[in-house]
Amino acid sequence: MPENGENLIGELEAFLSQAPEQITSGLRLAQIMGGRARRIRDNIIEFLDHEDEKSKELLRIYGMMKELLVHDLEPAKFADMYAQTLVYGLFVARYSDPTPENFTRSEARDLVPKSNPFLLQFFDHIVGPNFDVRLAYIVDELCEIFSVSNVQEIVHKHLRVQDETVEDRDPIIHFYEDFLQEYDPNERKKMGAYYTPVPVVRYIVRQVDRILKEDFGIAKGIASDEMITRTVATQPHRRPGDRKDRTTTEISVPRVQILDPAVGTATFLNETIKFIYQSFKGQEG
């Protein structure tokens with residue numbers, strides 16, 4: 001019936017004119033950001049599978065990422081990097097936004113640090129006239145949600161619930177773990193993006209220091225600057241047809257070296273530096 005069509009149009013207009021959802025929960029914020037990032041990622045994969053005039057700008061950004069970041073970047077990985085950079089970049093900009101009453105793509109561009117040329121180029125792209133309209137509406141949805149939500153308060157409250165030592169954590173870095181969990185749990189697992197509480201890290205650092213002192217006899221423990229000599233094999237330069245045997249040489253290396261094989265948010269390195277500083281506090285210089 002014609003009147004039903006008019007009613008449907010009226011209902012859709014009323015729905016679309018509603019104010020965006022105001023977020024008060026860190027988990028809900030991570031879920032919304034993760035959902036928008038998945039939509040962007042999946043759309044880009046589809047757009048690149050069907051290259052047309054609309055995809056020219058995306059292909060330009062793809063080429064920029066291959067040139068500046070990863071030379072053998074595959075389309076699926078590009079879509080993943082693009083989605084994460086866009087959504088989390090907007091989050092970082094909103095977190096640093098000094099005008100909480102509004103937020104737009106253009107404002108996000110103005111908040112990007114001048115020291116990061118890649119992000120500057122990327123956000124020039126999302127505010128430019130060639131930004132894909134098929135992605136723009138998803139981005140604008142997220143900006144509207146950010147504009148009615150106190151992102152700083154939400155994130156601080158969320159992290160405080162997880163760990164009372166929130167003052168020792170960089171909210172922007174550590175909220176990424178929650179975002180990644182909602183965006184792609186498998187990617188989080190593959191990246192090893194799991195936060196270790198600061199009290200646990202401090203305990204481990206103290207125990208390593210104790211073991212170095214008591215079991216290895218290193219007086220300064222983890223703060224040791226003692227050097228030792230090692231003999232290493234060297235391979236001399238050889239021209240084609242030459243026969244030269246390997247030789248050995250002695251080099252000096254620190255006896256205690258700090259290695260964090262899954263550096264992530266650098267919590268272990270940060271706490272190690274703090275621990276060493278405390279051992280020298282009052283006798284600097």
Side-chain angles (χ1 to χ4, degrees), residues 9 12-13 15-21 23 29-97 99 102-114 116-149 151 172 175-176 179-180 182-184 186-188:
I9 292 172
L12 289 173
E13 288 177 342
F15 174 77
L16 293 173
S17 65
Q18 291 185 82
E21 176 186 2
I23 307 302
L29 179 63
Q31 289 172 340
I32 287 175
M33 290 170 57
R36 295 302 191 281
R38 282 195 305 275
R39 285 169 59 190
I40 292 171
R41 177 196 63 193
D42 296 344
N43 282 344
I44 290 174
I45 290 173
E46 182 180 343
F47 298 160
L48 293 181
D49 280 343
H50 305 88
E51 292 182 19
D52 54 27
E53 190 66 22
K54 294 180 182 178
S55 302
K56 284 180 67 175
E57 179 68 2
L58 271 178
L59 290 169
R60 184 183 73 80
I61 299 300
Y62 183 21
M64 181 184 78
M65 283 193 173
K66 289 179 75 171
E67 179 182 351
L68 298 178
L69 300 177
V70 185
H71 298 308
D72 56 352
L73 188 62
E74 297 294 329
K77 188 59 182 175
F78 161 70
D80 171 58
M81 290 177 63
Y82 184 105
Q84 289 200 53
T85 301
L86 177 50
V87 171
Y88 213 75
L90 288 171
F91 163 77
V92 172
R94 178 55 175 170
Y95 184 89
S96 308
D97 186 4
T99 55
N102 57 57
F103 184 71
T104 63
R105 282 184 278 149
S106 296
E107 187 175 10
R109 165 61 180 79
D110 294 336
L111 292 168
V112 172
K114 302 296 185 288
N116 194 322
F118 168 73
L119 272 185
L120 280 173
Q121 289 188 55
F122 189 85
F123 275 81
D124 279 342
H125 151 68
I126 73 166
V127 300
N130 297 322
F131 185 48
D132 198 317
V133 294
R134 298 169 295 182
L135 301 177
Y137 80 92
I138 303 175
V139 175
D140 290 337
E141 283 177 5
L142 187 58
C143 287
E144 287 178 3
I145 292 170
F146 280 154
S147 70
V148 297
S149 304
V151 169
I172 290 175
F175 191 69
Y176 177 70
F179 159 71
L180 196 58
E182 299 301 328
Y183 166 64
D184 189 340
N186 291 329
E187 184 69 13
R188 179 193 179 195

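For this chain, numbers begin at 1 and follow the sequence in order.
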**Q** Walk me through whether Met33 and Ile145 qualify under side chain to side chain contact (heavy atoms under 4.5 Å, CB included).
**A** CA-CA 10 Å; Met33 290 170 57; Ile145 292 170; over 6 Å; no

**Q** For Ala108, check side chain to side chain contact (heavy atoms under 4.5 Å, CB included) against everything at least two apart and list the hits.
**A** Leu90, Ala93, Phe103, Phe123

**Q** Only one of Tyr88, Tyr95, Tyr183 clears ring-ring contact (aromatic ring centres under 6.0 Å, His included) with Tyr176; which?
**A** Tyr88

**Q** Apply ring-ring contact (aromatic ring centres under 6.0 Å, His included) to Tyr82 and Tyr62, showing your working.
**A** CA-CA 9 Å; Tyr82 184 105; Tyr62 183 21; over 10 Å; no

**Q** Do Leu29 and Phe175 have side chains that approach each other closer than 4.5 Å (heavy atoms only, starting at C-beta)?
**A** yes

**Q** Could you go through the side chain to side chain contact (heavy atoms under 4.5 Å, CB included) check for Leu111 and Val92 one step at a time?
**A** CA-CA 9 Å; Leu111 292 168; Val92 172; over 6 Å; no

**Q** Indicate yes or no: at least one non-hydrogen side-chain atom of Gln84 is less than 4.5 angstrom from one of Asp184.
**A** no

**Q** How far does CG of Leu142 sit from CZ of Phe91, to the nearest 0.5 angstrom?
**A** 10.5 Å

**Q** Under 3.5 Å, side-chain donor or acceptor atoms of residues 63-71 against the rest of the protein: list the pairs with distances, not counting sequence neighbours.
**A**
unit_1 : atom_1 : unit_2 : atom_2 : d
His71  : ND1    : Lys66  : O      : 2.9

**Q** Identify each donor-acceptor pair in which a side-chain atom of residues 36-45 lies under 3.5 Å from a protein atom, sequence neighbours left out, and give them as a table.
**A**
unit_1 : atom_1 : unit_2 : atom_2 : d
Arg36  : NE     : Glu141 : OE1    : 3.1
Arg38  : NH1    : Glu182 : O      : 2.4
Arg39  : NH1    : Glu141 : OE1    : 3.2
Asn43  : ND2    : Arg39  : O      : 3.3

**Q** Please identify each residue that fulfils side chain to side chain contact (heavy atoms under 4.5 Å, CB included) with Ser96, with sequence neighbours left out.
**A** none

**Q** Step by step, work out the side chain to side chain contact (heavy atoms under 4.5 Å, CB included) result for Cys143 and Thr104.
**A** CA-CA 6 Å; Cys143 287; Thr104 63; 5.6 Å; no

**Q** Once side chain to side chain contact (heavy atoms under 4.5 Å, CB included) is applied, do any residues pair with Pro117, and if so which ones, sequence neighbours excluded?
**A** none

**Q** Please assess Phe122 against Val112 for the test side chain to side chain contact (heavy atoms under 4.5 Å, CB included), listing each intermediate value before the final yes or no.
**A** CA-CA 10 Å; Phe122 189 85; Val112 172; over 6 Å; no

**Q** With the side chain counted from C-beta on, respond yes when Met81 and Leu73 share a heavy-atom pair under 4.5 Å apart, and no when they do not.
**A** yes

**Q** Calculate, to the nearest 0.5 Å, the distance between atoms CG and CZ belonging to Leu58 and Phe131 respectively.
**A** 8.0 Å

**Q** In residues 133-140, what donor-acceptor pairs under 3.5 Å come from side-chain atoms, sequence neighbours left out?
**A**
unit_1 : atom_1 : unit_2 : atom_2 : d
Arg134 : NE     : Asp132 : OD1    : 2.9
Arg134 : NE     : Asp132 : OD2    : 3.2
Arg134 : NH2    : Asp132 : OD2    : 2.6
Asp140 : OD1    : Arg105 : NE     : 2.8
Asp140 : OD2    : Arg105 : NH2    : 3.3

**Q** Locate the shortest heavy-atom distance separating Val87 from Phe179; write the atom from each residue and the value.
**A** CG1-CE1, 3.9 Å

